[in-house]
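Reminder, nothing fancy here: chain letters follow the sequence lines and each chain counts from 1. The basis for the numbers below is simple: all heavy atoms, side chains too, and nothing from hydrogens, waters or symmetry mates. In this text the structure is predicted, and so the values were computed from the model without any measurement.
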Amino acid sequence: MDSKKVRTRFAPSPTGYMHIGNLRTALYAYLIAKKNGGDFILRIEDTDQTRYVEGAVELIYRTLKRTGLLWDEGPDVGGPCGPYIQSQRMGMFREYAQKLIDSGHAYYCFCDKERLEEVRKIQEASRIPPMYDRHCRNLSPEEVKAKLDAGVPYVIRQKIPLEGTTTFHDELYGDITVENSTLDDQILIKADGMPTYNFANVVDDHTMGITHVVRGNEYLSSTPKYNLLYEAFGWEPPIYIHVEHIMKNSKEKLSKRNGDASFEDLIEKGFLTEAVLNYIALLGWSPKGENEIFSLDELIKEFDIDGLSKSPAIFDPVKLRAINAEYIRRLPPEKFLEYAEPYIRQSVKREDVNIRIIAETLQPRTEIFTEIPEQVDFIDALPEYSTELYRNKKMKTDEATSLIALKEVLPVMQALDDWSIDGIHAKLFELVEKLGVKNGYVLWPVRVALSGKERTPGGAIEIAAILGKEESLKRINKGIELLSK
RNA sequence: GGCCCGUUGGUCAAGAGGUCAAGACGCCGCCCUUUCACGGCGGAAUCAUGGGUUCGAUUCCCGUACGGGUCACCA
């Protein structure tokens with residue numbers, strides 16, 4: 001056991017939107033840090049200026065803040081290992097590359113793109129795995145100096161051992177060993193003087209004291225080269241945790257190009273932040289117990305890398321809906337009203353209705369907020385409906401019985417002053433008893449007359465309470481009129 | 001194609017040599033009920049495949065198939 005404080009990082013490049021897989025990686029990194037009382041660091045990897053997207057950094061901040069993945073160190077909050085924006089750390093990469101050259105672990109390469117292209121073509125034609133042919137690997141110091149002096153553009157490449165194997169350890173996959181001969185002499189410093197991700201990443205992780213590297217498993221195959229770099233520097237490699245991808249289906253990754261939802265899209269579609277976070281935590285990780293609903297704080301307690309999956313997970317929007325629905329049901333009623341009101345108001349413009357009751361009836365029936373408007377579209381105006389709706393086998397109602405029932409109901413309702421759920425309930429059930437019929441015999445036609453719909457949030461009594469006395473009576477009269485034809 | 005990784009119901013998945021192979025979502029049925037939901041109860045549905053090892057393999061080993069990743073002066 002080592003007593004070093006756990007430090008994890010999330011290191012996105014500001015190239016656009018924040019997809020679900022990225023967010024999940026951030027979440028896992030955050031959880032591992034917090035579970036161990038450690039720090040979560042945000043680092044922006046912007047060494048490729050050509051891919052930089054305006055506003056992308058802000059989007060990263062916004063998403064992380066919204067989901068509660070607050071970083072202890074980062075570009076805006078600072079910290080002892082700054083700067084936290086990679087492009088602002090340029091000087092140090094040159095120095096570290098120089099150290100590798102001096103110790104024989106890296107070398108200058110003056111090959112131009114044309115030559116590399118040609119080499120690759122030949123290799124592909126002869127079906128050899130495309131790799132740099134190490135043309136400049138053994139240049140003499142004099143040759144190097146001459147080219148440097150002449151101002152020939154160059155890159156700096158890693159000098160991978162020609163023989164032997166390299167093994168690294170991943171917490172999920174265990175030990176992975178590869179032949180060094182399959183490893184490319186990858187570029188460390190580009191011709192523009194910027195480090196490649198492959199180099200910057202290693203240097204940054206080390207200088208920032210990162211103890212656990214959590215990242216997508218597309219990096220699994222380049223990790224041996226990183227380990228070789230750590231070895232060359234004499235640094236201790238971090239603990240690696242490579243997580244599998246989230247897929248759209250068994251073949252396609254979830255991606256912007258496929259038109260799949262980003263985190264922000266999901267929020268716009270009416271999902272709750274907490275529900276989305278909860279769901280993605282479950283995609284590729286399984287908790288110990290039976291519970292699946294966790295707040296961020298609960299996740300910190302519950303999370304364990306043992307539960308991480310080694311195979312890709314398919315994003316299931318249906319399950320997300322179910323979890324979102326669970327969160328909605330658990331919302332305190334006032335909170336639900338607060339969230340739901342704008343959606344209710346999309347189709348309910350009248351001011352004389354009881355919005356509180358609308359919200360109450362809606363809460364157990366809402367899976368995502370965006371489907372609220374169509375559920376309450378009958379409130380402002382009674383839709384055209386067919387009298388066939390009055391026919392219901394189970395309720396033993398048809399047009400004739402409904403007409404009778406509505407005619408009985410009308411005077412009772414007219415006489416009612418206490419227009420509350422309790423008040424209406426009492427009167428209507430009194431009537432049911434007096435008539436000696438089943439509840440549905442009276443209530444089914446009332447609900448139809450009030451809503452003009454086959455299905456509604458809430459029953460006859462709730463709807464009457466929502467609509468108010470005047471409007472309710474108007475609609476019952478309308479029903480009687482339709483049935484009398 | 002080389003190298004690396006993976007494969008339990010439709011989906012997320014538990015399992016870590018002997019289980020009637022958990023649970024959740026979805027689906028189906030029943031109950032509750034003034035509709036629809038909510039809630040409750042029950043059901044159908046899974047170990048890719050062929051060889052080993054073993055008294056015994058979903059679990060360990062090898063092959064095959066299928067899937068994923070990677071082979072950039074992108075990250």
Side-chain angles (χ1 to χ4, degrees), chain A residues 11-13 15 45-48 50-51 86 109 111-113 116 120 124 127-131 153-157 170 172-173 176-179 181-184 186-192 194 196-198 200-201 215-224 242 244-245 247 249-251 253 279 282-293 307 309-323 325-326 329 361-367 375 389 392 394-395 397 428 432 438-448 451 453-463:
Chain A
S13 30
T15 55
E45 308 226 328
D46 59 344
T47 50
D48 185 0
T50 60
R51 291 214 303 162
Q86 215 160 44
C109 169
C111 296
D112 56 29
K113 293 206 173 169
L116 295 178
R120 189 168 306 141
E124 275 168 13
R127 304 182 123 218
I128 300 171
M131 268 172 72
Y154 65 90
V155 300
I156 296 176
R157 288 183 183 270
D170 179 277
L172 263 63
Y173 295 95
I176 295 178
T177 301
V178 299
E179 298 283 337
S181 61
T182 64
L183 268 22
D184 199 5
Q186 64 175 345
I187 291 171
L188 268 18
I189 301 285
K190 303 184 243 183
D192 66 1
M194 290 281 235
T196 57
Y197 164 85
N198 293 314
N201 184 260
R215 53 155 82 122
N217 88 348
E218 68 268 27
Y219 295 107
L220 214 43
S221 47
S222 32
T223 302
H242 289 93
E244 259 295 356
H245 288 289
M247 309 288 290
N249 53 46
S250 62
K251 299 210 165 136
K253 270 210 268 188
Y279 175 62
L282 258 21
L283 261 184
W285 171 74
S286 99
K288 289 264 189 295
E290 309 260 279
N291 183 29
E292 292 198 311
I293 305 296
S309 170
K310 279 186 284 201
S311 43
I314 297 172
F315 182 87
D316 180 6
V318 175
K319 175 84 178 186
L320 207 213
R321 276 181 81 93
I323 290 186
E326 182 65 31
R329 271 177 250 128
T361 60
L362 240 26
Q363 189 165 1
R365 283 168 252 258
T366 303
E367 292 194 313
Q375 290 203 76
L389 283 182
N392 184 304
K394 200 176 152 204
M395 298 302 136
T397 62
L428 250 25
V432 165
K438 295 195 70 167
N439 299 344
Y441 182 91
V442 171
L443 295 168
W444 176 268
V446 173
R447 200 180 56 79
V448 171
S451 69
K453 290 180 85 168
E454 193 175 5
R455 291 173 193 172
T456 54
I461 292 163
E462 287 84 4
I463 294 172

To the nearest 0.5 Å, what is the distance between OG1 (A/Thr196) and CG (A/Leu188)? 5.5 Å
Given B/G2, B/C3, B/C12, the nucleotide with the shortest approach to the side chain of A/Pro129: B/G2
When the C1' atoms of B/C61 and B/A57 are compared, how many Å lie between them, rounded to an integer? 12 Å
In Å and rounded to the nearest 0.5 Å, what is the CD1 to CG distance from A/Ile176 to A/Leu220? 4.5 Å
Searching all strands shown, indicate the nucleotide that pairs with B/G67 (Watson-Crick or G-U wobble; both distances under 3.5 Å). B/C5
Quick one: label A/Arg329 by what it contacts on the DNA or RNA (base, sugar-phosphate, nothing), any heavy atom closer than 4.0 Å. sugar-phosphate
Distance check, P atoms only: B/U59 and B/A16, in whole angstrom units. 13 Å
Rounded interatomic separation in angstrom, taking CE from A/Met395 and C1' from B/U33: 8 Å
Could you grab the distance from atom OG1 of A/Thr47 to atom CD of A/Gln86, nearest 0.5 Å is fine? 5.0 Å
Once rounded to the nearest 0.5 Å, what's the spacing between atom CG of A/Leu389 and atom CH2 of A/Trp444? 7.5 Å
Strictly by Watson-Crick or wobble contacts shorter than 3.5 Å, is anything paired with B/C47, and which nucleotide is it? none
Side-chain heavy atoms of A/Asn217 within contact of A/Tyr173, under 4.5 Å: yes
Counting only N and O atoms by type, is there a donor-acceptor contact under 3.5 Å from the side chain of A/Arg447 to the main-chain atoms of A/Glu454? yes
What does A/Leu282 touch in the nucleic acid at a heavy-atom separation under 4.0 angstrom: a base, only the sugar-phosphate, or nothing? sugar-phosphate
Any base atoms under 4.0 Å from A/Ala322, or only sugar-phosphate, or nothing? Heavy atoms, all strands. sugar-phosphate
Value in whole Å for how far the P atom of B/U70 lies from CE of A/Met131: 18 Å
Quick one: are A/Gln375 and A/Thr361 in side-chain contact, heavy atoms under 4.5 Å? no
Using a cut-off of 4.0 Å on non-hydrogen atoms, how would the nucleic acid contact of A/Arg127 be classed: base, sugar-phosphate, or nothing? nothing
Distance below 4.0 Å between A/Thr47 side-chain N/O and B/A75 OP1 or OP2: yes
Between CD1 of A/Ile314 and P of B/G6 the distance, given in whole Å, is 18 Å
Atom CD1 of A/Ile293 to atom P of B/A24: distance rounded to whole Å? 12 Å
Using a 4.0 Å heavy-atom cut-off, does A/Ala313 contact any base of the nucleic acid, only the sugar-phosphate backbone, or nothing at all? sugar-phosphate
Under 4.0 angstrom between A/Thr196 side-chain N/O and B/C73 OP1 or OP2: no
Atom pair distance, as rounded to whole Å: CD in A/Glu367 and P in B/C25: 11 Å
Using both distances under 3.5 Å as the test, list the Watson-Crick or G-U wobble partner of B/A22, or none. none
Residue A/Pro364, side-chain atoms from C-beta onward, closest of B/A37, B/C36, B/U11: B/A37
State whether the distance check finds a donor on one side and an acceptor on the other, under 3.5 Å, for side chain A/Arg365 versus base B/C36. yes
Is A/Arg120 close enough to B/C71 that one of its side-chain N or O atoms is under 4.0 Å from OP1 or OP2 there? no
Across the strands shown, which category fits A/Thr50 at heavy-atom distances under 4.0 angstrom: base, sugar-phosphate, nothing? nothing
Within the structure shown, what part of the strands sits under 4.0 Å from A/Ile461 by heavy-atom distance: base, sugar-phosphate, or nothing? base
Give A/Cys109 one of three labels, base, sugar-phosphate or nothing, depending on what nucleic acid heavy atoms sit under 4.0 Å from its own. nothing
What is the distance, rounded to the nearest whole Å, between atom NZ of A/Lys319 and atom P of B/G10? 16 Å
Are A/Lys190 and B/A75 close enough that a side-chain N or O sits under 4.0 Å from OP1 or OP2? yes
Any donor-acceptor pair under 3.5 Å joining the side chain of A/Lys394 to the base of B/U33? yes
Roughly how far apart, to the nearest Å, are B/G26 and B/G10 at atom C1'? 8 Å
From A/Glu326 CD over to A/Glu367 CD, what is the distance, rounded to the nearest 0.5 angstrom? 11.0 Å
Counting only Watson-Crick pairs (N1-N3 plus N6-O4 or O6-N4) and G-U wobbles (N1-O2, O6-N3), all under 3.5 Å, who is the partner of B/A16? none
B/C27 and B/A37, which share atom name P, separated by this distance in whole Å: 10 Å
Minimum-distance nucleotide (side-chain atoms of A/Glu292 versus B/C5, B/G23, B/U34): B/G23
At 4.0 Å (heavy atoms only), tell me whether A/Asn201 reaches a base, stays on the sugar-phosphate, or touches nothing. nothing
Is a side-chain donor or acceptor of A/Tyr279 paired with a backbone partner of A/Phe315 at a separation under 3.5 angstrom? no
Using the P atom as the point on both nucleotides, what is the distance between B/U58 and B/G40, in whole Å? 35 Å
Pick base, sugar-phosphate or nothing for A/Gly458, based on heavy-atom distances below 4.0 Å to the nucleic acid. base
In whole angstrom, give the distance that lies between atom OH of A/Tyr279 and atom P of B/G26. 12 Å
Looking across every strand, which nucleic acid part, if any, lies under 4.0 Å from A/Phe315 by heavy atom: base, sugar-phosphate, or nothing? nothing
Quick one: label A/Ser286 by what it contacts on the DNA or RNA (base, sugar-phosphate, nothing), any heavy atom closer than 4.0 Å. sugar-phosphate
What integer number of Å spans the C1' atoms of B/U8 and B/C66? 16 Å
Base-pairing assignment for B/C41 (Watson-Crick or G-U wobble, both under 3.5 Å): B/G29
A/Val318 vs A/Glu244, nearer the 5' end of RNA chain B by closest nucleotide: A/Val318
Taking for A/Leu283 and for A/Ser311 the nucleotide of RNA chain B with the nearest heavy atom, the one nearer the 5' end belongs to A/Ser311
Let me know the distance between CG of A/Leu389 and P of B/C36, rounded to the nearest Å. 13 Å
Nearest of B/A75, B/U34, B/C73 to any side-chain atom of A/Arg157? B/C73
Nearest-angstrom distance, C1' atom, B/C47 to B/G42: 25 Å
Quick one: label A/Val178 by what it contacts on the DNA or RNA (base, sugar-phosphate, nothing), any heavy atom closer than 4.0 Å. sugar-phosphate
When rounded to the nearest Å, what value does the distance between P atoms of B/G6 and B/A14 take? 14 Å
